[in-house]
Number of protein chains: 2
Amino acid sequence: MSDKPITIYDIAQNVNASPATVSRVLSNSEYPVSAKLSQKIKAVAKEMGYTPNMLGRQLKKNNTMSIGVIIPSISNPFYADVVLGIEEIARSNGYQVLLCNSHQNPDLEAEYLQTLLEKQVKGIILSSISRKKGWLAGYLAKGLNIISIDQKIDNRHVYQIEFDYRKGSALACRHLIEQGHKKIAFISAALDRPTRLNLYRGYQDALREAGLTPLKKEWIQLSKACENLNYDSAFEFNNGKQLTRNLLKMKDLPTAIITCNDLTAAGVINELNEQGLHVPGEVSVVGFDNIELSQMLTPALTTVDLPKYEMGRLACSKLMALLNGDDTNQKEVMLQPILIARNSVARLE
Amino acid sequence: MSDKPITIYDIAQNVNASPATVSRVLSNSEYPVSAKLSQKIKAVAKEMGYTPNMLGRQLKKNNTMSIGVIIPSISNPFYADVVLGIEEIARSNGYQVLLCNSHQNPDLEAEYLQTLLEKQVKGIILSSISRKKGWLAGYLAKGLNIISIDQKIDNRHVYQIEFDYRKGSALACRHLIEQGHKKIAFISAALDRPTRLNLYRGYQDALREAGLTPLKKEWIQLSKACENLNYDSAFEFNNGKQLTRNLLKMKDLPTAIITCNDLTAAGVINELNEQGLHVPGEVSVVGFDNIELSQMLTPALTTVDLPKYEMGRLACSKLMALLNGDDTNQKEVMLQPILIARNSVARLE
DNA sequence: ATGAAAGCGCTAACAG
DNA sequence: CTGTTAGCGCTTTCAT
């Protein structure tokens with residue numbers, strides 16, 4: 001703030017060397033520089049409190065060593081996990097991560113993408129909530145390196161890391177069936193995304209397998225599509241509560257409930273308790289995602305684990321591979337869920 | 001990737017104008033440019049798929065319009081809230097936020113600070129976990145704009161936004177006393193930070209006020225100082241469980257427990273339940289922080305709310321003020337906690 | 001209203 | 001081993 005920032009020219013002058021030499025020393029170049037000079041330059045740089053200006057370097061080298069990540073919400077522990085995985089890999093490759101929250105807003109998402117590109121990131125990892133088709137086409141044509149996670153993007157040039165939601169919810173539903181349940185409700189946010197639709201499909205798959213279909217229509221409770229822009233955990237939670245309230249108006253109640261995520265399951269359990277219904281004694285509940293919350297609930301939540309951290313690691317590894325030019329041609333990887341049986345499901349006789 | 005990126009020179013050539021004019025149009029400069037030319041330049045820019053290179057602009061203008069934020073962990077919902085507040089203010093002022101997780105690691109913290117400065121951020125918002133005194137002195141001397149949040153930094157030149165932890169835990173403890181409790185335990189992570197120490201002091205304050213001090217030593221359960229570097233919510237949760245287990249070995253049990261945060265309280269309640277103790281029937285529990293989890297627990301957690309979002313907003317507003325030169329001389333602001341009474345505390349007769 | 005040219009801080013040929 | 005120099009993409013005097 002006070003005075004002009006120090007540059008390599010200042011240092012060069014101070015040690016009677018050329019800026020080139022100073023640059024070579026301070027940027028850890030391979031280029032040979034005599035030991036004494038090197039020492040001296042380093043010493044003086046430290047003494048003068050030199051801080052390199054990366055803008056200069058990056059502009060010159062045309063390489064920012066950074067990648068962008070756009071996710072709907074960092075408040076969602078699900079994404080927090082994914083981001084941790086991304087950062088680990090990025091860091092170990094010397095890359096920096098620029099993180100953006102789209103807040104479930106497609107316009108913000110697009111704006112952030114643009115901003116990141118202007119900042120010259122080398123690639124993007126994106127969990128897109130945009131429903132607009134083909135909005136990425138222009139960028140892709142220009143050679144943008146992009147990895148899509150969780151939410152599928154319908155463009156066959158995009159690398160995708162997905163979870164097998166369909167298999168996951170089938171797993172959950174089958175577990176319930178094995179425990180003797182036949183009346184299984186489905187509580188979820190609106191099926192306005194492929195991931196959620198697949199959740200529904202998996203549920204139906206398991207039901208069909210067991211000859212339990214069709215089920216009462218009222219046992220499928222979905223919230224309205226309008227996604228809250230001030231999205232937070234409480235939103236999902238309250239959703240679970242509200243839909244449970246609706247469900248409990250039926251005369252014929254289910255013995256078990258499948259939910260679209262753990263946060264919703266938490267709401268379901270909470271409402272059930274408030275209405276005097278014991279979990280799992282009277283109603284069993286299974287969650288989805290296996291976020292840390294699920295172990296903290298009472299009863300501990302039976303849920304489906306998604307390898308979130310692994311997704312982050314994979315996405316970033318893939319991106320690193322792309323940037324290094326070792327492009328394998330596998331465009332899609334599908335991560336498998338596993339069932340985590342805890343205490344929110346009762347065995348029915 | 002494919003071809004060379006497009007610059008204003010390419011556009012200039014294409015429309016038969018000078019780069020200067022193109023720059024003026026595309027950077028929304030005040031400078032007058034004829035309407036037709038302006039139109040044409042914009043059209044061609046879009047057509048050619050031009051993406052401005054901010055490195056060039058920022059280097060020239062010596063202004064990145066970005067600030068850095070360093071927090072211990074984005075997985076902690078507490079900080080997620082703070083960050084949301086920061087981002088809101090930053091965005092509305094046209095600033096970008098560069099977010100870094102120090103993972104409770106002082107070395108990483110220092111490294112990120114350096115990286116951010118090399119990226120030419122205009123200021124830093126920091127929740128420091130470093131115990132080293134004076135490590136910021138050098139930066140401050142060079143005029144670094146820095147706001148410290150939550151954790152206090154012992155340098156009177158640093159702007160600080162804090163919570164009144166001491167008053168907060170006194171609030172919690174007094175609430176318990178008002179409900180008739182006299183045997184009140186304290187379960188917390190190690191008191192190795194001023195914030196946690198203040199928590200303890202507030203607890204003692206309230207006890208003393210009520211003539212309840214000194215209390216049995218065994219009712220104060222603290223975990224070891226070694227902070228897990230793979231810090232996550234489960235760590236706090238398990239801490240709560242472990243310390244509760246220790247506490248329950250006593251013959252004379254407390255009727256209420258105060259905790260250092262909601263995550264720990266969740267662990268306490270969970271362990272209590274597992275040991276067959278009803279909350280709040282047999283033991284009352286109060287949390288701290290009021291993260292969203294606290295409403296989701298059964299029973300809903302009585303806790304102390306900290307205005308986290310507000311802290312983020314304030315910190316960023318302060319930084320913006322500094323950057324604009326409207327430096328008020330108020331260096332410290334202390335945010336006040338409030339008690340949120342829910343269902344985890346019973347009235348004792 | 002438009003353009004020529006210098007230069008932000010740094011690196012990388014190229015020359016010595 | 002060291003230095004000179006051009007220029008990354010952009011903005012901004014200063015001319016015209």
Side-chain angles (χ1 to χ4, degrees), chain A residues 3-42 44-45 48-66 114-115 117-122 142, chain B residues 3-42 44-45 48-66 114-115 117-122 142:
Chain A
D3 4 58
K4 302 273 160 277
I6 291 147
T7 73
I8 50 172
Y9 282 84
D10 301 322
I11 298 174
Q13 221 170 338
N14 211 307
V15 300
N16 268 316
S18 73
T21 304
V22 175
S23 168
R24 297 199 258 254
V25 172
L26 264 24
S27 63
N28 303 311
S29 140
E30 302 290 84
Y31 211 92
V33 174
S34 76
K36 325 97 186 283
L37 225 195
S38 177
Q39 300 295 295
K40 188 166 182 190
I41 288 172
K42 281 179 188 160
V44 170
M48 298 178 76
Y50 170 69
T51 299
N53 185 333
M54 284 303 158
L55 296 176
R57 172 192 300 206
Q58 290 170 353
L59 181 58
K60 174 66 185 174
K61 301 182 76 159
N62 187 27
N63 184 0
T64 55
M65 290 301 278
S66 60
Q114 182 65 29
T115 308
L117 295 177
E118 292 179 354
K119 290 209 165 192
Q120 308 301 115
V121 296
K122 305 303 281 183
K142 307 210 67 175
Chain B
D3 4 58
K4 302 273 159 278
I6 291 147
T7 73
I8 51 173
Y9 282 82
D10 302 322
I11 298 174
Q13 223 171 336
N14 211 306
V15 300
N16 268 315
S18 74
T21 305
V22 175
S23 167
R24 297 199 256 255
V25 172
L26 264 24
S27 62
N28 302 310
S29 142
E30 303 289 86
Y31 211 90
V33 174
S34 76
K36 324 94 188 283
L37 225 196
S38 177
Q39 300 296 294
K40 188 167 182 187
I41 288 172
K42 282 177 188 160
V44 170
M48 297 178 76
Y50 170 70
T51 299
N53 184 333
M54 284 303 157
L55 296 176
R57 170 191 304 205
Q58 290 171 352
L59 180 58
K60 176 66 186 173
K61 300 181 74 159
N62 187 29
N63 186 358
T64 55
M65 290 301 279
S66 59
Q114 181 66 26
T115 307
L117 294 178
E118 293 179 354
K119 291 208 164 193
Q120 309 300 116
V121 295
K122 305 302 282 184
K142 307 211 65 176

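In the text below, chain A, chain B and the rest are named by the order of the sequence lines, each starting its count at 1.
Judged by distance alone, with hydrogens and angles left aside, the side-chain atoms of A:Thr64 form a donor-acceptor pair with the main-chain N or O of A:Gln120 at under 3.5 Å. Of the possible donor and acceptor atoms, one in the side chain of B:Ser27 sits under 3.5 Å from a partner among the backbone N and O of B:Ser23.
If you take NZ of A:Lys119 and P of D:dC10, they are 16 Å apart, rounded to a whole angstrom. We find that CZ of B:Arg57 is positioned 16 Å from C1' of D:dC8, with the value rounded to whole Å. One atom, CG of B:Asn63, and another, P of D:dG9, lie 21 Å apart when rounded to the nearest Å. Whole-Å rounding puts the B:Lys61 NZ to C:dG9 C1' distance at 18 Å. Across the protein-nucleic acid pair, A:Lys60 atom NZ and D:dC8 atom C1' stand 6 Å apart, rounded to whole Å. Taking atom CD1 on B:Ile8 and atom C1' on D:dC10, their separation rounds to 5 Å, with Å as the unit. The CD atom of A:Gln13 sits 19 Å away from the P atom of D:dT2 (whole-angstrom rounding). With rounding to whole Å, B:Gln58 atom CD is found 19 Å from D:dC8 atom P.
In terms of the side-chain hydrogen bond (donor to acceptor under 3.5 Å, both in side chains) criterion, residue partners of A:Ser18 (sequence neighbours excluded) are, by chain and number, A:Thr21.
The two residues A:Ala17 and A:Leu37 come nearest to each other via the heavy atoms CB-CD2, 4.3 Å. Minimum heavy-atom separation, B:Ser38 to B:Val33: N-CG1, 4.1 Å. Of all heavy-atom pairs between B:Pro5 and B:Asp10, the closest is O-OD2, 3.8 Å. The minimum heavy-atom distance between B:Lys142 and A:Met48, with the atom names listed, is NZ-O, 3.6 Å.
A:Lys119 contributes atom NZ, which lies 4.0 Å from atom OG of B:Ser66 (distance to the nearest 0.5 angstrom). Here A:Asn28 contributes atom CG and A:Lys42 contributes atom NZ; the two are 6.5 Å apart, rounded to the nearest 0.5 Å.
One N or O donor and one acceptor, one from the side chain of B:Tyr9 and one from the base of D:dC10, sit under 3.5 Å apart.
Only at 4.0 angstrom or more do the heavy atoms of residues 49-56 of chain A sit from any atom of DNA chain D, so none qualifies.
Contact annotation for B:Ser29: no contact, since no heavy-atom pair falls under 4.0 Å across all strands. Among the heavy atoms of the strands lying under 4.0 Å from A:Ser23 is at least one base atom, whether or not backbone atoms are also near.
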For nucleotides 1-4 of chain C, which of its nitrogen or oxygen atoms have a protein nitrogen or oxygen under 3.5 Å away, and what is each distance?
residue	atom	partner	partner atom	Å
C:dT2	OP1	B:Ser34	OG	3.1
C:dT2	OP2	B:Ser34	N	2.6
C:dT2	OP2	B:Ser34	OG	3.4
C:dT2	O4	B:Tyr31	OH	2.5
C:dG3	OP2	B:Ser18	N	2.7
C:dG3	OP2	B:Ser18	OG	3.3
C:dG3	OP2	B:Thr21	OG1	3.0
C:dG3	N7	B:Arg24	NH2	2.6
C:dG3	O6	B:Arg24	NH1	3.3
C:dG3	O6	B:Arg24	NH2	3.0

